[in-house]
Amino acid sequence: MKIYERIFARLEELCMTQTELSKRTGIAVSTISDWRKKQINPQADKLVPICKALDMSLTDLLCEENSSKSDRAMEYSFEENYMITCFRKSDIQMQRSLLRYFELLSLGEKEDKGSTDLERNVTVVRDADGNHIVLINDKRFKGLSRADWKEVENYLKSYIGECYEITYCSEKIFIDTDFPDEYANSESRIALKGPRRVAKANAAQAIPELIQIALPAEKLWQENQEKKHAKDAKFGWYRYKIRFGIPVYDNDGVLERYNIFTAIMLVRHAEDGKKYLYDFTTIKKETSSPPES
């Protein structure tokens, strides 16, 4: 059975429509339909969100159920040698694509093992210039009422005690008890209006990925000037740039595009020598983009 056949078999098993799969993955309905019409498999970067939406592991999606372990081992050995040969013969652009494919598979395996207790539908992609964007594929929070932000604050409490690493510099960022309240109730959040407010509310779902893709802002470090932060930001403040996308749906609930936002990830360097996530500020709408096919 081909990969696309397993996908449609799983849809039937779950009584899930193609429209619902589109909402959960951010993949256009027309693209999903083409898999069956044209008898083609999805692109590699679509596999992780598909598995999450269908509650499957990558092994379930990619391997035949009746394959024995020895058969799979032989297949993997053959495919490994074949892929290495292809990689060596490929140009730089193709090598980058292959490496991205392996990154996605690795991410999927981590998620299959339950690397987080939070239910999230988040995908990390690259734009035309190779820069990372975190796509938040579910608009979980409306982000406009006080009750919405209480829900956001409670959701963020699930991150307390976690630690994530900024990829470019291997800097560890911790999450402490002050983060949920600051994120949900700061003056800068209250000042947000409309789409920017909704964007910040839903960015709460992608805290790990946004930390991982963060890059240094123009002014990376600033000395602490406030007495109330004399201890919790004793060694100053760090600012990083982040980018994320929020889905936009038409009247029929079909994904049209993503609104892309930029923000500053504010980190405090505390007396204990650790760096702690403090807030996302300066949220701006950058552009809109159609969903990838």
Closest non-hydrogen atom pair, [X] against [Y]:
X	Y	value
Leu210	Phe280	CD1-CE1, 3.6 Å
Glu271	Phe235	O-CE1, 3.8 Å
Val29	Ser22	CG2-CB, 3.5 Å

Please tell me whether [X] and [Y] have a donor and an acceptor in their side chains that are separated by less than 3.5 angstrom.
X	Y	value
Gln205	Asp138	no
Asn41	Trp35	no
Thr17	Thr19	no
Asp34	Thr31	no

Are [X] and [Y] connected, step by step, through hydrophobic side chains (Ile, Leu, Val, Met, Phe, Trp, Tyr) whose heavy atoms are closer than 4.5 Å?
X	Y	result
Leu255	Val125	yes
Tyr159	Met265	yes
Trp221	Ile264	no
Leu192	Ile242	yes
Leu14	Leu11	yes

Using side-chain heavy atoms (C-beta onward) and a distance below 4.5 Å, is [X] in contact with [Y]?
X	Y	value
Arg140	Asn202	yes
Asn137	Val122	no
Ile211	Lys172	no
Pro195	Lys285	no
Lys23	Tyr249	yes
Ile3	Glu5	no

Rounded to the nearest 0.5 Å, how far apart are [atom1] of [X] and [atom2] of [Y]?
X	Y	atom1	atom2	result
Thr167	Ile213	OG1	CD1	9.0 Å
Phe261	Ile136	CZ	CD1	9.5 Å
Ile173	Tyr276	CD1	OH	11.0 Å
Asp55	Met16	CG	CE	9.0 Å
Arg146	Asn185	CZ	CG	9.5 Å

Side-chain donor/acceptor of [X] to backbone N/O of [Y], under 3.5 Å:
X	Y	answer
Glu151	Asp148	no
Thr25	Leu21	yes
Ser186	Glu182	yes
Arg197	Leu144	yes
Arg239	Ala217	no

Asn131: partners by side-chain hydrogen bond (donor to acceptor under 3.5 Å, both in side chains), with sequence neighbours left out: none

Candidate pair Trp237 and Leu266, rule side-chain contact (heavy atoms from CB on, under 4.5 Å), full reasoning: CA-CA 7 Å; Trp237 299 87; Leu266 188 60; 3.8 Å; yes

Under 4.0 Å between a side-chain nitrogen and a carboxylate oxygen: does that hold for Arg10 and Glu13? yes

Could you check whether Lys234 pairs with Asp272 (Lys NZ or Arg NE/NH1/NH2 to Asp/Glu carboxylate O, under 4.0 Å)? no

Test the [X]-[Y] pair against the cation-pi criterion, namely NZ or CZ under 6.0 angstrom from the six-membered ring centroid and within 45° of the ring axis.
X	Y	value
Lys275	Tyr238	yes
Lys274	Phe174	yes
Arg189	Trp149	yes
Arg36	Phe8	yes

Give a yes or no on whether the ring-centroid distance for Phe244 and Tyr258 is below 6.0 angstrom. no

Determine whether the aromatic ring centres of residues Tyr168 and His132 are separated by less than 6.0 angstrom. no

Parallel, tilted or perpendicular: rings of Tyr183 and Phe179 (30°, 60°): perpendicular

